[in-house]
Protein chains: 2
Amino acid sequence: MSFKQLFSSKRRPQVSCESCSLGRLCIPQGLSEHEVELVSRIVKTHRTLSKGDHLYHSGEWFHRFLALKSGTVKLVTVDGSGNEYIVDFVMPGELLGFDGLSGERYTCSAIALETVSYCELPPHQLERLGREIPKLSQILLQLSGSQFQLGIQRVILSRRQADERLAAFLAHLSERYRTRGFSPTEFRLSMTRQDIGNYLGLAPETVSRLVSQFEAAGLIQVQGKMVRILDLDGLLRFCPQ
Amino acid sequence: MSFKQLFSSKRRPQVSCESCSLGRLCIPQGLSEHEVELVSRIVKTHRTLSKGDHLYHSGEWFHRFLALKSGTVKLVTVDGSGNEYIVDFVMPGELLGFDGLSGERYTCSAIALETVSYCELPPHQLERLGREIPKLSQILLQLSGSQFQLGIQRVILSRRQADERLAAFLAHLSERYRTRGFSPTEFRLSMTRQDIGNYLGLAPETVSRLVSQFEAAGLIQVQGKMVRILDLDGLLRFCPQ
DNA sequence: CGGCCGCTTGATGAGTGTCAAGCGCCGTGG
DNA sequence: CCACGGCGCTTGACACTCATCAAGCGGCCG
């Protein structure tokens, strides 16, 4: 641990969930003020990492949940042949670590796509606190259930045509930015075309072609990583459901 | 409720988890005898349904977990256009209802593929009991985490070639029958080729062709729904990882 | 300013979906 | 018990989507 980190943890011995703007997305949703304070006490100092850094590694012992405060993270798993599979992109207010829940170790690596900051939640203390705050166990179970829902959405998506997948991906991103108070029509893609392709089960070339195609159709406007959505309804018309 | 069911629930006011042969697969894993008894008390009379019956419907209120005792169930979700997507096949000892966890309603329908019997677990009582038995909350969270793992496995599978997918599917089935004390080399497929195709993201024709291909290669032997695995290692050589 | 990596666009082919037709098994009803 | 009907399964022919290979461009970071 660097001197700077020591210093910082001395000045900020605990993170305040009460003042965190992401409360309603993160764990505190539905907890009373007092309960949030109790949770706040077991949250470890929040850290910062740079693009490309690992928040945790696949195979490492599952020893913490992470609550993302800023930046974007990709969740990657690797098969025996070394092929990488992007399982999810994680945005501020969302929890990381569910891939460690079923066994003793993480099955994915969490990698920062840009500078990220996050809080740490030790599962054992969370569990212990859950006995005092039943609602907390419930929230945790519910969040875990949402991960299952995401899996179902992926199943549906993986059966659709390439253009529908990309449209749904962009619409989903837009929606997530909106709920976080950012512009839903203009944002930066923090992942590469290859990452998008990997996530959607498409070759990066296909993603590139479709982006150009959407642009030609007047649905979006693209300059490198910046995206402007011109016709969200048009995009949504592509999407399943 | 029929007279027969009334009668049966009188003779068997509660199901005994203690005597259930699936204990080590189901919830009781890792609980003490006394704890299992407490769980046993909130388990509702176990029911029986026939092929094609719904254990629960998509959109229905999430009011119970189900523990499958015998038979096979398919978990199906439907998109806005009416397309069906098989999310999972559930085997004895496994829990159903995780798709209701994140919201208030089930997002899938659970449909019996053959005669099934199952137990019912009210989530509220399970939750309440979780305060007395912390280990129970932990197990539930862990089981929910396993669902996430299954999702990851599906992601990996969906990126592989058709033959690898089918090989992995058969090998997985074999493994699951083995852990349940059935023959891992000879079993009946309780789902149609169409169901398998839907689950694997393949056309039923493709499944049929691959089955024939595997048979020609001497890996399996098939007669309608009955499968005999002749060369499990050969099948596993197809599988990712 | 230079090099590298990521992005774009084109040409081609493989894998698998789709359409079509025939078979056979199973359950039903006469 | 047998005949019939239907549905699920199999196999073939063809089309189409998308991956792959290849080459050139451009932006970002060192």
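Letters go in sequence order (proteins before strands), and every chain restarts at 1.
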Legend entry - Donor-acceptor pair present, A:R159 side chain and D:dT17 base, under 3.5 Å: no
Legend entry - First-last contacting nucleotides on DNA chain C - partner chain B, under 4.0 angstrom, heavy atom: C:dG15 to C:dC19
Legend entry - Salt bridge A:R160-B:D79, side-chain N to carboxylate O under 4.0 Å: yes
Legend entry - By side chain to side chain contact (heavy atoms under 4.5 Å, CB included) - contacts of A:Q149 (at least two apart): A:I152, B:D99, B:S102, B:T107
Legend entry - All salt bridge (Lys or Arg N to Asp or Glu O under 4.0 Å) counterparts of B:R237, not counting sequence neighbours: none
Just distance, no hydrogens or angles: give the donor-acceptor pairs under 3.5 Å from side chains in residues 212-227 of chain B, sequence neighbours left out.
unit_1: B:S212; atom_1: OG; unit_2: B:S208; atom_2: O; d: 3.1
unit_1: B:E215; atom_1: OE2; unit_2: B:V222; atom_2: N; d: 3.0
unit_1: B:K225; atom_1: NZ; unit_2: B:M191; atom_2: O; d: 3.4

Inset, instruction - Please identify each residue that fulfils salt bridge (Lys or Arg N to Asp or Glu O under 4.0 Å) with B:E205, with sequence neighbours left out. - result: none
Legend entry - With B:E94 via side chain to side chain contact (heavy atoms under 4.5 Å, CB included) - residues at least two apart: B:V90, B:M91, B:R176, B:R180
Legend entry - Five-pair end axes of the helix from C:dC1-D:dG30 to C:dG30-D:dC1, angle between them (10°): 50°
Legend entry - DNA chain C-proximal residues of residues 192-208 of chain A, any heavy atom under 4.0 Å: A:T192, A:R193, A:Q194, A:E205, A:S208
Inset, instruction - Please work out if B:K225 contacts a base, only the sugar-phosphate, or nothing of the nucleic acid, heavy-atom cut-off 4.0 Å. - result: sugar-phosphate
Inset, instruction - List for me each residue that meets side chain to side chain donor-acceptor pair (under 3.5 Å) alongside B:T115, sequence neighbours excluded, and say none if there are none. - result: none
Every protein N/O lying under 3.5 Å from an N/O of nucleotides 24-27 of chain D:
none

Inset, instruction - Apply the ring pair (Phe, Tyr, Trp, His ring centres under 6.0 Å) test between B:F98 and each candidate in B:Y106, B:F62, B:F65, B:F148; give the one that qualifies. - result: B:F65
Inset, instruction - State plainly whether the residues A:R47 and A:D53 are in salt-bridge range, i.e. N to O under 4.0 Å. - result: no
Inset, instruction - Using salt bridge (Lys or Arg N to Asp or Glu O under 4.0 Å) as the criterion, list what pairs up with A:E175, not counting sequence neighbours. - result: A:R178
Legend entry - Set of salt bridge (Lys or Arg N to Asp or Glu O under 4.0 Å) partners for B:R193, sequence neighbours left out: none
